[in-house]
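A note on names: the letters A, B, ... follow the listed sequences, proteins ahead of strands, and every chain is numbered from 1.
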Amino acid sequence: MLAGSMGLLPSASLGEGRRGLYEPIHGSAPDIAGRGMANPYAAILTAAMLLRHSLGLEAEARAVEEAVDRAIEGGAWTADIAPAGTRPVTTEEAGRAVLDQMRK
Amino acid sequence: MRALIAVLPGDGVGSEVIDESVRVLEEVAERGGHVFELVPALVGGAAIEQRGTALPPETLDLCRRADAMLFGAVGGPRWDDPRAKVRPEQGLLELRRTLGLFANIRPVKPHPRLRAASPLKAEALEGVDLVVVRELTGGIYFGEKRREGGAAVDTCVYTVLEVERIVRVAARWALQRRRKLTSIDKANVLETSRLWRETASRVVHEEFPDVRLEHLLVDAAAMHLLRRPSDFDVIVTEN
């Protein structure tokens, strides 16, 4: 609720060691499945948590998080976060926007 | 570095969003000269369809060997019958339990550009940066469940050891951040909450003198989270 969409929130499940299970907090959303409109940012930020906590790759994790921030800043908004009157991007387009930012 | 990563897309949008995070991990590997072995496996409804169980042995075996697991989502209307013997969610609960993943970490930091997407007022979202640490392998999710005639029973159990270890995890997070820890319970009603509260107080007092601890009842916490979310740093709570 606070962040504006469940599609933005990652999570990590950790134990005593470094191994962890990383998942977006949103569920399987059967109502929109297969339509290419799901928000991939939570899943991508989940990968950043994986890099940081299980692999110890802090710089890489931060680079991914910053790329997501800039993709959002740049207006790559999926249907759940796009303001009325704008054309939402697809799941793949949002993913590509992050990769583009990482390559800059 | 080399790493073995189990990729468990699961059901529904799980595979769509995990495809994108896999692309990002591949990009990270290529740029940093890392070798990530990304091995897909079945879990949830997809596993029920193909293997008759939500967590096939080969998936569990892969996860035991892996450095990390990237998980999508499980569940869907096809497997929603509450009387069903096998349910997609069992895959996730079983993984958490078998691998001892007792601490669920959920960071929340709203993006400034997306304040309009939140139902809260934009000014209330200013400076919000919090982490929820949820105990994941105890409490009412894992206690004994049964039916007795016309009644149903769920059991909520917490041991001192379970509370101590999750409070330590949360306090360590707080030390890396603004050193404020909020423990949320229902100590006016629940005995497990009273144990939770006294254990949290002791652990923080004895082991983390630099962390400021406050206790909130869950009802009040829900209100404060909406009214003044930026006051929170690390939140620790039961399953």
Side-chain angles (χ1 to χ4, degrees), chain A residues 1-5 7-16 18-30 32-34 36 38-40 42-51 53-57 59-60 63-64 67 69 72-73 77 80-81 83 91-92 94-95 98-99 102-103, chain B residues 1 3 5 10-14 16-25 27-28 31-32 34 44-45 63 66-77 92 95-96 99-111 113-120 125 128 136 165 169 225-226 229:
Chain A
M1 286 291 275
L2 290 175
S5 170
L8 295 167
L9 299 177
S11 85
S13 299
L14 308 173
E16 298 288 4
R18 282 183 87 175
R19 183 172 52 198
L21 182 148
Y22 300 83
E23 57 178 314
I25 73 150
H26 63 73
S28 57
I32 60 161
N39 185 338
I44 293 172
L45 293 169
T46 287
M49 288 188 87
L50 183 157
L51 292 167
H53 299 294
S54 281
L55 308 188
L57 300 174
E60 283 85 343
V64 171
D69 272 357
I72 293 173
E73 198 62 49
W77 300 323
D80 55 318
I81 53 175
T91 309
E92 263 189 62
V98 175
L99 291 177
M102 289 174 71
R103 288 169 186 151
Chain B
M1 76 174 302
I5 301 171
D11 309 318
V13 299
E16 298 168 47
V17 298
I18 291 303
D19 278 352
E20 301 308 320
S21 52
V22 163
R23 287 199 184 106
V24 164
L25 286 174
E27 178 75 15
V28 167
R31 298 174 68 85
H34 306 298
C63 293
D67 297 292
M69 294 148 268
L70 186 62
F71 191 98
V74 290
L92 184 55
L95 265 179
R96 289 174 179 166
L99 300 180
L101 305 172
F102 64 87
N104 186 233
I105 315 290
R106 299 179 170 204
V108 180
K109 193 174 175 186
H111 193 287
R113 270 305 283 275
L114 298 179
R115 286 196 186 137
S118 171
L120 269 68
L125 293 172
V128 173
L136 210 52
R165 69 178 182 181
V169 168
L225 265 173
L226 295 177

Considering only heavy atoms, which portion of B:P229 lies under 4.5 Å from any heavy atom of chain A: side chain, backbone, both, or neither?
side chain

Mind checking the CD1-NE2 spacing from B:I105 to A:H53? Nearest 0.5 Å is all I need.
7.0 Å

Sidechain-backbone polar pair: B:N104 side chain, A:A12 backbone, donor-acceptor under 3.5 Å:
yes

Shorter than 4.5 Å, heavy atoms on both sides: which option in B:A3, B:G45, B:G72 has the most such pairs with chain A?
B:G72

With only heavy atoms counted, which part of B:L120 is less than 4.5 Å from chain A, the side chain, the backbone, both or neither?
side chain

Is the closest side-chain heavy-atom distance between A:L51 and B:L25 below 4.5 Å?
yes

Under 4.5 Å from a heavy atom of chain B, the part of A:L45 involved
neither

Given 3.5 Å as the limit, does a donor-acceptor pair link the side chain of B:E16 with the main chain of A:G34, or not?
yes

Okay, A:L2 and chain B: the region with an atom under 4.5 Å from a heavy atom over there is both

Side chain, backbone, both or neither: which part of A:L8 has a non-hydrogen atom closer than 4.5 Å to chain B?
side chain

Could you have a look at B:R106, B:R113, B:M1 and say which one has the most heavy-atom pairs with chain A under 4.5 angstrom?
B:R113

When the 4.5 angstrom heavy-atom criterion is applied to A:I25 and chain B, the contacting part is side chain

Distance, nearest 0.5 Å, that separates CG of B:L114 from CD1 of A:I81
5.0 Å

Under 3.5 Å, is there a donor-acceptor pair between the side chain of B:H111 and the main chain of A:I72?
no

Scanning both residues in full, the closest heavy-atom pair of A:A47 with B:S21 reads CB-CB, 4.0 Å

Okay, A:T91 and chain B: the region with an atom under 4.5 Å from a heavy atom over there is both

Closest approach of B:G76 to A:S28 (non-hydrogen atoms, all atoms of both residues):
N-OG, 4.2 Å

Side chain / backbone / both / neither for B:A116 at chain A, heavy atoms under 4.5 Å:
neither

To the closest 0.5 Å, what do you measure between OH (A:Y22) and CD1 (B:I5)?
10.0 Å

Top contributor to chain A interface from B:R165, B:K109, B:H34, B:R115 [non-hydrogen pairs under 4.5 Å]:
B:H34

Hey, is B:R31 close enough to A:E60 for a salt bridge, meaning N to O under 4.0 Å?
no

Nearest non-hydrogen partners of B:E20 and A:G95, listed with the distance
OE1-CA, 3.3 Å

Quick one: of A:L9, A:N39, A:I32, A:D69, who has the most non-hydrogen atom pairs under 4.5 Å with chain B?
A:D69

Would you say B:L92 and A:E23 make side-chain contact, with heavy atoms under 4.5 Å?
yes

Need one label for A:R19: side chain, backbone, both or neither, based on atoms under 4.5 Å from any heavy atom in chain B.
both

Under 4.5 Å from a heavy atom of chain B, the part of A:P10 involved:
both

Can you say whether A:H26 sits under 4.5 Å from chain B via the side chain, the backbone, both, or neither, judging by heavy atoms?
both

Mind checking whether A:M102 and B:V28 have side chains closer than 4.5 Å, heavy atoms only?
yes

Scanning both residues in full, the closest heavy-atom pair of B:L136 with A:S13 reads CD2-OG, 3.2 Å

Determine, step by step, whether B:R23 and A:L99 satisfy the side-chain contact (heavy atoms from CB on, under 4.5 Å) criterion, reporting the C-alpha distance in whole Å, the side-chain angles of both residues, the deciding distance to 0.1 Å, and the verdict.
CA-CA 8 Å; B:R23 287 199 184 106; A:L99 291 177; 4.2 Å; yes

For chain B, which of A:G27, A:S5, A:P24 has the most heavy-atom pairs under 4.5 Å?
A:P24

When rounded to the nearest 0.5 angstrom, what distance separates OG1 in A:T46 from CZ in B:F71?
11.5 Å

Check: B:V169 and A:L14 side chains under 4.5 Å, non-hydrogen atoms:
no

At a 4.5 Å cut-off on heavy atoms, which part of B:V74 comes close to chain A: side chain, backbone, both, or neither?
backbone

